[in-house]
Amino acid sequence: MSDCIFCNIIAGEIPSKKIYEDDDMLAFHDISPQAPVHFLVIPKKHIPNVMEAKPEDALLLGKLLHKAQTLLAEQGCAEKGGRFVVNCKSDGMQTVEHIHLHVFGGRSLGWPPG
Ligand code: AMP
Ligand code: ZN
């Protein structure tokens with residue numbers, strides 16, 4: 001979608017600090033990191049949010065989570081872990097309408113969220 005910032009990042013029209021890319025997904029550092037490690041994993045398919053994901057998207061979404069695990073480990077967080085977050089629509093404070101998995105690590109994270 002031409003008006004989607006993450007589709008534009010996928011297309012290379014907006015620069016990003018890329019961590020990983022394959023045919024299905026892209027991972028890149030968040031522009032406003034909230035932890036020592038904070039990156040996003042996004043599908044190349046434009047899916048606006050979790051509520052609009054279809055049954056046929058299940059494998060793709062599972063791949064994102066599994067790749068996030070590998071990438072978090074590569075960032076030195078295998079032992080202590082971190083957090084995997086998908087904000088959804090207005091109550092979830094989603095600001096970019098293209099599904100993205102936030103991955104946080106490198107510090108102890110508070111719970112519950114505010
Ligand atoms: P959310 O509030 O869950 O929709 O999160 C959107 C995230 O995208 C925020 O953490 C932003 O800092 C991040 N973000 C927005 N624009 C960019 C960009 N151009 N490059 C990297 N991260 C971005
Ligand atoms: Zn998009």
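Each residue takes its place number in the sequence, starting with 1. The figures here come from the full heavy-atom set of this structure, side chains too, leaving out hydrogens, waters and symmetry mates. Counting starts at 1 for both ligands and their atoms, following the listed order.
- Closest protein heavy atom to atom 19 (N) of ligand 1: Ile9 CD1, 3.7 Å.
- Set against the non-hydrogen atoms of His100, the atoms of ligand 1 under 4.0 Å away are 1 (P), 3 (O), 4 (O), 5 (O), 6 (C).
- Of all atoms in ligand 1, numbered sequentially from 1 with element shown, those under 4.0 Å from a heavy atom of His29 are 21 (C).
- No more than 12 heavy atoms of other residues, nucleotides or ligands sit less than 6.0 Å from atom CG of Asp91.
- Residues His38 and Val103 fail the side-chain proximity criterion, which asks for heavy atoms closer than 4.5 Å.
- Not close to ligand 1: Glu97, with no non-hydrogen atom less than 4.0 angstrom away.
- Below 4.0 Å from some heavy atom of Asn87 lie the following atoms of ligand 1, by number and element: 1 (P), 2 (O), 3 (O).
- Rounded to 10 degrees, the SG-metal-ND1 angle spanning Cys7 and His46 at the Zn ion (ligand 2) equals 110°.
- Among the atoms of Ile31, some N or O lies under 3.5 angstrom from an N or O of ligand 1.
- Within 6.0 Å of NE2 on His66 lie no more than 12 heavy atoms contributed by other residues, nucleotides or ligands.
- Checked by distance only, ligand 1 and Met93 come closer than 3.5 Å through their nitrogen or oxygen atoms.
- Under the 4.0 angstrom criterion for non-hydrogen atoms, Leu40 is in contact with ligand 1.
- Taking every non-hydrogen atom of Ser32 and a distance limit under 4.0 Å, the qualifying atoms of ligand 1 come out as 12 (O).
- An angle of 110° is found at the Zn ion (ligand 2) between Cys4 atom SG and His98 atom ND1, rounded to 10°.
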- Would His102 and His100 satisfy ring pair (Phe, Tyr, Trp, His ring centres under 6.0 Å), going step by step from the backbone distance to the final call? CA-CA 6 Å; His102 289 265; His100 47 283; 5.2 Å; yes

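- Annotation: Ile5 places no N or O atom under 3.5 Å from an N or O atom of ligand 1; distance criterion only.
- Counting only distance, with no hydrogens or angles, the side chain of Asp24 and the backbone of Leu60 share no donor-acceptor pair below 3.5 Å.
- Proximity of a side-chain donor or acceptor of Lys44 to a complementary backbone N or O of Asp22 within less than 3.5 Å is detected.
- The closest protein non-hydrogen atom to atom 4 (O) of ligand 1 is Thr95 N, 2.6 Å.
- The closest donor-acceptor contact from the side chain of Glu52 to the backbone of Val50 lies at 3.5 Å or more, if one exists at all.
- By the 3.5 Å distance cut-off applied to N or O atoms, His102 is counted among the residues near ligand 1.
- Of the heavy atoms in Phe6, only side-chain atoms (C-beta onward) come closer than 4.0 Å to ligand 1.
- Compare Val86, Leu101, Asp30 by their heavy atoms: the one nearest to atom 11 (C) of ligand 1 is in Asp30.
- With rounding to the nearest 0.5 Å, the separation of CD in Glu97 from CZ in Phe6 is 11.0 Å.
- Using modelled atom types, one side-chain atom of His98 and one backbone atom of Pro43 make a donor-acceptor pair closer than 3.5 Å.
- Considering CG of Asp30 and CZ of Phe104, their distance stands at 7.0 Å, rounded to 0.5 Å.
- With ligand atoms numbered from 1 in the order given, ligand 1 contributes 4 (O) to contacts under 4.0 Å with heavy atoms of Gln94.
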